[in-house]
Amino acid sequence: MKVLLYMTLFFTLFLRADDYEMGHGLKLDEALNLGAYFSTDYTASEEQDRFRIDDVALLAYGALYPKLSYMVEFEAAPLHTHDLRANNSETDLKFHYERMYLDYGYSEMFNFRLGKQITPIGYWNLEPINVLRDTSSSPLYSTLMFPKLLSGLDLYGHLDEDNRFEYHLFGQFNDDIDEDYINIKNDHFLGAVLNYEYSDAIDFGGSLGEYRTKEEDTRVQFAQMNAKYDAYPFVVQTEMAYNALENKKLNSKSYQFSGYAQGMYSFSLKHAVIGRYEYFDDERVSQINHIGVVGYSYRPIYSISLKAECQVNSDAHLNKSILSFSVLF
Amino acid sequence: MRNLAFIFLITTSLFSSEYAVVVSEKSAIATLSVKQIKDIFILKKQFVDDEIVVPVNISSASPMRDTFEKKILQIEREQLSNYWVKQHFHGIRPPVVQSSENSMKLFVKNVNGAIGYLPIGLIDKDMRIVYEF
């Protein structure tokens with residue numbers, strides 16, 4: 001209850017600040033900018049009828065020196081879940097480290113990010129929060145194929161004068177900074193990413209890497225590709241990844257393959273329709289899923305998002321409808 | 001002959017540049033492409049030849065800001081605002097803003113790595129033009 005009270009106070013302070021603009025954060029100083037976001041959703045499926053306050057997060061960032069900056073983000077997710085059929089609720093007020101890193105810019109070609117950070121792969125993973133996404137749900141590709149967060153070092157930059165080639169070389173040789181809060185627990189994660197900006201509208205890229213899962217002690221080598229066309233009112237993007245899995249204890253080898261293609265048409269800056277096709281194949285459990293998503297997005301202003309979607313799964317038990325409301329402060 | 005001179009005058013005034021992107025005379029930057037300027041002002045590019053750059057905007061009410069956004073950034077104001085919402089999540093804030101052309105001029109002259117834009121008539125010998133628009 002105390003946490004909710006503090007959060008209400010925090011959001012009220014935001015909205016009352018003189019030079020505050022919704023969705024742009026609150027600048028207290030060069031070294032201290034504050035932000036926050038939350039999302040709520042309602043999911044109806046054969047198995048559940050659920051309301052959640054999913055993400056509640058606070059972030060702080062700023063420049064400590066001209067070339068040195070930081071970012072800290074704490075998040076509780078899901079904060080509160082209410083099962084409308086069973087009529088029971090669960091609340092978890094524990095906040096986790098979502099991000100905590102230092103950024104040092106040495107030159108256009110060499111920059112360093114040290115700490116817990118978003119893994120710099122593809123598009124979806126870089127804008128993971130509900131309010132920035134075009135659909136309430138995320139494709140399976142984005143949650144099952146590689147760790148979403150990295151607790152290590154990323155060396156990144158641009159390889160040419162026009163900033164068309166961007167690279168990342170990252171590594172983690174330790175446990176995650178907050179192991180309770182990552183999609184795939186791992187203690188070894190390496191990757192190389194190369195993206196190319198062909199024009200303002202078109203870019204594409206890919207990555208190669210490997211990680212070791214802690215729970216199953218499995219070595220996973222992955223190859224990933226992404227491409228995007230973004231010219232208002234159309235956005236089309238696709239991402240896919242192939243994982244080769246090896247478990248020496250069980251002497252087993254298998255693979256996973258997953259990808260999605262998503263198209264969005266905006267009637268205006270406020271209204272858009274979205275269609276997505278997803279594919280997920282996991283040889284270990286002989287599971288293949290085809291998922292179709294049709295959605296509608298309404299943003300009265302960009303930092304406030306109302307979305308509705310229907311998901312049709314090849315496993316009909318998993319069909320669902322989702323409504324969500326999310327805000328970035 | 002007078003008519004020809006009049007047409008020449010109108011044509012040159014229509015197609016000549018009104019504003020210029022400028023840096024301090026002390027900067028090592030000589031020229032920049034439109035893409036480089038755009039990347040600097042959307043904070044995608046932070047260095048030019050290993051020199052850190054500090055973009056500065058004029059206040060949003062200025063017609064010069066409109067022209068800069070249309071010709072260089074090639075983006076509508078609302079779309080640009082949406083872009084900064086996304087960047088806020090990544091810990092990046094928009095460039096600093098100066099309220100007048102004179103304060104923009106002082107900022108460019110006095111802050112290391114500063115890059116701004118001004119009406120060509122206001123540019124003096126302490127500044128270097130890197131692109132005209």
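In what follows, chains carry the letters A, B, and so on, assigned in the order in which the sequence lines appear, proteins first and then strands, with residues in each chain numbered from 1.
- For the atom pair CD1 of B/I92 and CG of A/N33, the computed distance is 11.5 Å after rounding to the nearest 0.5 Å.
- Between B/R93 and A/Y61, some side-chain heavy-atom pair lies under the 4.5 Å cut-off.
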Stepwise side chain to side chain contact (heavy atoms under 4.5 Å, CB included) test for A/Y302 and B/K86: CA-CA 9 Å; A/Y302 191 77; B/K86 285 186 181 181; 2.8 Å; yes
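- Using a 4.5 Å cut-off between heavy atoms, A/D162 touches chain B through backbone and side chain atoms alike.
- Interface check for chain A: of the options B/Q87, B/Q79, B/Q74, the most heavy-atom pairs under 4.5 Å are formed by B/Q79.
- With a 4.5 angstrom heavy-atom cutoff, A/N111 touches chain B only via side-chain atoms.
- With a 4.5 angstrom heavy-atom cutoff, A/E197 touches chain B only via side-chain atoms.
- In this structure, the portions of A/E161 lying under 4.5 Å from any heavy atom of chain B include both its backbone and its side chain.
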Derivation of the side chain to side chain donor-acceptor pair (under 3.5 Å) call for A/S303 and B/H88: CA-CA 11 Å; A/S303 56; B/H88 162 51; over 6 Å; no
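- The number of heavy atoms from other shown groups lying within 6.0 Å of OH (A/Y298) is above 12.
- Listed in order of number, the residues of residues 35-55 of chain B that approach chain A to under 4.5 Å between heavy atoms are B/K35, B/Q36, B/K38, B/D39, B/K44, B/K45, B/Q46, B/F47, B/D49, B/D50, B/I52.
- Residue pairs that meet the salt bridge (charged side-chain N to carboxylate O under 4.0 Å, His left out) test with at least one member in residues 115-126 of chain A, sequence neighbours left out, are A/K116-A/D176.
- Of the two parts of B/E76, neither the backbone nor the side chain holds a non-hydrogen atom closer than 4.5 Å to a non-hydrogen atom of chain A.
- For a residue to count as touching a neighbouring chain, one of its non-hydrogen atoms must lie under 4.5 Å from one of that chain's; by this rule A/H158 touches chain B with the side chain only.
- Ranked by non-hydrogen atom pairs under 4.5 Å with chain B, the options A/L132, A/N163, A/I301, A/V131 are led by A/N163.
- Taken from CD1 in B/I75 to OH in A/Y232, the straight-line distance is 12.0 Å, to the nearest 0.5 Å.
- Ranked by heavy-atom pairs under 4.5 Å with chain B, the first of A/G62, A/G105, A/S107 is A/S107.
- The number of heavy atoms from other shown groups lying within 6.0 Å of OH (A/Y198) does not exceed 12.
- Between the side chain of B/H90 and the backbone N or O of A/L126, at least one donor-acceptor pair lies under 3.5 Å.
- Contacts of A/Y70 with chain B are absent, with no heavy-atom separation under 4.5 Å from either backbone or side chain.
- Contact detail for B/F89 and A/R99: the closest heavy-atom pair is O-NH2, 2.7 Å.
- Other residues, nucleotides and ligands contribute at most 12 non-hydrogen atoms within 6.0 Å of the CD atom of A/E30.
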